[in-house]
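See structure below.
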Amino acid sequence: MVINGKQVGLDLEQMDVYNPATNEVVGTIPNGGKEEANQAVEAANQAFKKWSQTTAYERATYLKKLHDLILENQDKLAKIMTLEMGKPLKESTGEVVYSASFVEWYAEEAKRVYGETIPSHVPNKRLQVWRKPVGVVAAITPWNFPLAMITRKIAPALAAGCTVIIKPSKESPITAIKFMELVKKSGFPSGVINLVTGSSSKIVGAMMENEKVKKITFTGSTEVGKLLIEQSAKQVKRLSLELGGHAPFIVLDDANIDKAVEGVLASKFRNGGQTCVCANRIYVQEGIYDQFVEKFAAKVKQLKVGDGMDGVDIGPLINEEGLEKVASHVKDAVEKGASLVTGGNRIPGTGTFYEPTVLRDIDPSMIIMQEETFGPVAPIQKVETDEEAADLANSTEYGLAAYVFTESVARGTKLIEKLDFGIVGWNDGMPSAAQAPFGGMKESGIGREGGHEGMDAFLETQYVSIGVE
Ligand code: SIN
């Protein structure tokens, strides 16, 4: 852990971190709790006094240095990421570049936090809107993007003038530890960025209770998000929540089928299906259904599964629990009448590997069409009309990402207007970008990360009415 610029926690009980491809221990982390969380909050609170007074230009300089160091260390960071959570090395390298893009973008955006002057209704007043950093921020990050979710949260927070405490997931915390070495080299003042590892309930519980933490930014399950909403009520703590998804992927009959196949491959199998924006339900219009299934399955059969270090397309699932969920969704679908086009089995041997799977003859009664699967399984349901596709897509409490493939501007526009999703990829299976708002409607979250909305999340608005006579 790093608290107030010092490495701490080696004297605490240590927790093992496992490689899901080999079941081997790849490292250990301190099992921190309430005490360490509160120490980190104290450090961040002290550091806030000075950091919040630095100029945007100074903060941008630190962030630019950090950006350069992340890219210089991309191979090391990517390797750690693959070893601790399994994603293929080429994806880990992509994630490092993606992570750095947030740091660069917010280094630039720091200089564009503008206030406002409002025309006054009377001659003796001047009305202004000022922006202020919200204060100490706790960033609680998930295992599936061990670096990008850290930078997507902390880069705008730091740029806005906030100080932070990072709490990484216990499944993939070592990337965060390596990242803190780069933070140190970048020269950030002590206490501006702190890292606490260990028990989520104790650390997050302490941060929720501590009045000095003004904002929580969390990526994870909707279930935990709801708990945080309840806990935040006591102090009206600011929250940004990026929660579960259950993305529909709609292919209309005038789509370019090859483009749609590439799009769904990119969306569905990124990180082995373990992203919040992965296509989870695929709806294909009847005229092209058979052709789409055939072309898509042919590509899926070529995907290589294995240890992320071995040049594969798909790594292991994060743990046994994740694998069991995937297997249970497939079993339920098959029992209810789905046909397996390819895959459908756990890969025997060490590690939590599951075959990339395509299911056809899907209907809405199947659990896979109701819950997020978080694995390499693609269920494809036939739909008749654009309206049916939109209704099915919206028939969920989630509203994070959706995908639409059609070559028609009119059909695409009308369909997307009906979709209650925060992100839509139109003929695009990978819409995420540092400069664009990422986040969900409905139970998929509150607030946005990325883009100028991502900066707003760490700023308070202060209206100042100035009497001039
Ligand atoms: C996520 O799964 O939450 C992140 C995916 C992305 O940033 O594209």
Side-chain angles (χ1 to χ4, degrees), residues 70 78 81 85-88 90-106 139-156 166-169 171-172 175-176 217-225 228 239-249 263-280 314-315 317-318 322 325 371-376 398-403 421-426 428-451 453-454 457:
I70 292 173
M81 212 183 279
M85 59 71 63
K87 71 171 65 171
K90 60 186 174 199
E91 280 196 42
S92 297
T93 308
E95 182 179 336
V96 177
V97 175
Y98 181 47
S99 309
S101 73
F102 290 104
V103 183
E104 181 180 51
W105 200 80
Y106 282 107
I140 306 162
T141 59
W143 54 263
N144 61 343
F145 286 87
L147 189 59
M149 297 305 101
I150 290 178
T151 59
R152 185 155 80 187
K153 292 178 189 312
I154 74 163
I166 303 165
K167 161 64 183 81
S169 123
E171 282 85 4
S172 60
T175 309
T217 167
F218 168 74
T219 295
S221 69
T222 296
E223 197 188 342
V224 174
L228 294 177
L239 285 179
S240 290
L241 302 174
E242 202 266 271
L243 308 176
H246 185 34
F249 193 107
V264 78
L265 279 168
S267 165
K268 176 69 257 181
F269 296 107
R270 177 175 175 217
N271 206 6
Q274 303 172 106
T275 88
C276 304
V277 290
C278 275
N280 213 60
I314 298 182
L317 290 158
I318 188 67
K325 183 177 189 195
E371 286 178 19
E372 191 175 26
T373 307
F374 242 57
Y398 295 110
L400 184 57
Y403 303 85
F421 291 83
I423 304 162
V424 179
W426 180 353
D428 182 4
M430 287 266 273
S432 309
Q435 65 275 31
F438 184 106
M441 298 183 186
K442 293 155 74 176
E443 293 191 18
S444 284
I446 298 175
R448 294 292 181 271
E449 296 183 334
E453 288 91 343

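First listed ligand is number 1; within each ligand, the first listed atom is number 1.
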- prompt: Does the ring of F438 carry R152 above it, NZ/CZ under 6.0 angstrom from centre and within 45° of its axis?
  reply: yes
message: Does the Lys NZ or Arg CZ of K87 fall within the cation-pi geometry relative to F145 - under 6.0 Å from the ring centre and within 45° of the axis?
response: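 Yes; both conditions hold, so K87 lies above the ring face of F145.
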- prompt: Do the side-chain N and O atoms of T219 and K153 include a donor-acceptor pair separated by under 3.5 angstrom?
  reply: yes
query: Judged by modelled atom types alone, do S169 and E171 share a side-chain donor-acceptor pair under 3.5 Å?
result: yes
message: Evaluate F438 for polar contact with ligand 1, using N/O atom pairs at a separation under 3.5 Å.
response: no
How does [X] reach ligand 1, if at all, at less than 4.0 Å between non-hydrogen atoms: by side chain, backbone, both, or neither?
| X | answer |
| --- | --- |
| N144 | side chain |
| R270 | side chain |
| S432 | side chain |

- line: Quick note on ligand 1: atoms under 4.0 Å from a heavy atom of T275 include exactly 2 (O)
- prompt: For ligand 1, which atoms sit closer than 4.0 Å to a heavy atom of M149?
  reply: 4 (C), 7 (O)
Just go through [options] and tell me whose heavy atom is the nearest to [atom].
| atom | options | answer |
| --- | --- | --- |
| atom 2 (O) of ligand 1 | A434, G245, G244, C276 | C276 |
| atom 7 (O) of ligand 1 | F145, Y98, F374 | Y98 |
| atom 3 (O) of ligand 1 | E242, M430, Q274 | E242 |

- prompt: Between the main-chain N or O of L147 and the side-chain N or O of E95, is there a donor-acceptor pair closer than 3.5 Å?
  reply: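 Present.
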field: Verdict with reasoning, T217 to I140, per side-chain contact (heavy atoms from CB on, under 4.5 Å)
entry: CA-CA 6 Å; T217 167; I140 306 162; over 6 Å; no
query: So Y403 and F249, would you call those rings parallel, tilted or perpendicular, with 30° and 60° as cut-offs?
result: parallel
